[in-house]
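Accompanying notes for the structure given below.
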Amino acid sequence: MRKLMILVAAVLLSACGSPAADERPMAEQVSIHDQWAAATDDGMAAMFGSLTNDGDREARITYGTSPAANIIEMHEVVGESGSKTMRPKDGGFVIAGGGSHDLVPGGDHVMLMDLTGPLSPGTDVTVTLVFEDGSSLPVTAQVRDFAGANEEYQPGHGSHG
């Protein structure tokens with residue numbers, strides 16, 4: 001009986017030592033794949049990729065930081081095929097538990113604004129994505145030539161500097 005009690009106690013203690021998926025910081029639940037950023041000499045550029053959440057609960061990216069830009073915003077593109085507008089996405093990006101969220105040209109993307117220097121093809125840019133719980137995910141994206149989708153820009157109130 002004593003051996004059984006010791007075994008049960010050991011199992012319970014080991015379970016307490018490792019957090020369940022729902023208790024992990026949001027940044028530890030999310031990964032990004034196939035990330036890249038558009039090349040430009042100045043102004044602003046977009047970063048794309050595929051976000052995957054291996055956790056049980058949703059994760060929300062609210063803003064970002066980067067040495068390459070003074071402002072990072074989570075953006076969406078809205079409108080009909082003839083008239084598309086790019087704007088900050090209220091509330092940021094939500095990645096459902098066990099789900100994914102694609103950042104694509106003409107859709108949701110991370111916007112690097114007020115660049116501190118050019119983003120040249122073949123170089124890398126680093127961006128830190130910050131989640132609603134304060135945790136952060138560092139991302140390195142390859143810079144590639146890309147002409148852009150030529151959306152109109154509608155500034156919003158969701159900026160972080």
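Quick note: residue numbers are just sequence positions, from 1. Atoms considered below: every heavy atom in the structure, side chains included; atoms not considered: hydrogens, waters and symmetry mates.
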Check: Do Arg24 and Asp133 meet the salt-bridge criterion of a basic N to acidic O distance under 4.0 Å?
Finding: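 No salt bridge links Asp133 with Arg24.
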Item checked: Any Val110 side-chain heavy atom under 4.5 Å of His75 side chain -> no
Item checked: Pairwise distance CD1(Ile32) to OG(Ser100) - rounded to 0.5 angstrom -> 12.0 Å
Notebook entry, point to check: Taking atom NZ of Lys89 and atom CE of Met74, what is their separation to the nearest 0.5 Å?
Noted result: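 So the NZ of Lys89 and the CE of Met74 are separated by 11.5 Å.
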With a 3.5 Å cut-off and sequence neighbours excluded, list the donor-acceptor pairs that the side chains of residues 112-128 form with protein atoms.
from	atom 1	to	atom 2	distance (Å)
Asp114	OD2	Asn70	ND2	2.9
Thr116	OG1	Pro67	O	2.9
Thr116	OG1	Ala68	O	3.2
Thr123	OG1	Ser120	O	2.6

Next item on the list: Apply ring pair (Phe, Tyr, Trp, His ring centres under 6.0 Å) to Phe131 and list each qualifying residue two or more places apart in sequence or on a separate chain.
Entry: none
Testing the basics here: between [X] and [Y], what is the closest heavy-atom pair and its distance to 0.1 Å?
X: Glu76; Y: Pro88; result: OE2-O, 4.1 Å
X: His109; Y: Phe93; result: O-CZ, 3.2 Å
X: Tyr63; Y: Ile72; result: CB-O, 4.5 Å

Margin query: Has His33 got a side-chain atom pairing as donor or acceptor with Ser31's backbone, closer than 3.5 angstrom?
Written below: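 Checked: no pair found.
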Note to self: According to side-chain hydrogen bond (donor to acceptor under 3.5 Å, both in side chains), who are the partners of Gln142, at least two apart in sequence or on a separate chain?
What the structure shows: Arg144
Check: Got a sec, which residues hit side-chain hydrogen bond (donor to acceptor under 3.5 Å, both in side chains) with Glu28, two or more places apart in sequence or on another chain?
Finding: none
Margin query: Run the side-chain contact (heavy atoms from CB on, under 4.5 Å) test against Glu58 and tell me which residues pass, sequence neighbours left out.
Written below: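 Partners of Glu58 under the side-chain contact (heavy atoms from CB on, under 4.5 Å) test: Arg60, Val94.
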Notebook entry, point to check: For Glu73 and Arg87, what are the C-alpha separation, side-chain angles and deciding distance, and is it a side-chain contact (heavy atoms from CB on, under 4.5 Å)?
Noted result: CA-CA 9 Å; Glu73 294 181 347; Arg87 65 182 185 200; over 6 Å; no
Margin query: As a test of understanding, state which of Asp34, Ile61, Asp108 forms a side chain to side chain contact (heavy atoms under 4.5 Å, CB included) with Leu103.
Written below: Asp108
Can I get a per-line list of side-chain donor-acceptor pairs under 3.5 Å for residues 35-53, giving both atom names and the distance, sequence neighbours left out?
from	atom 1	to	atom 2	distance (Å)
Gln35	NE2	Thr140	O	2.9
Thr40	OG1	Asp42	O	3.1
Ser50	OG	Asp102	OD1	2.8
Asn53	OD1	Gln29	NE2	3.2
Asn53	OD1	Gly55	N	2.7
Asn53	ND2	Arg57	O	2.9
Asn53	ND2	Ile95	O	3.0
Asn53	ND2	Ala96	O	3.4

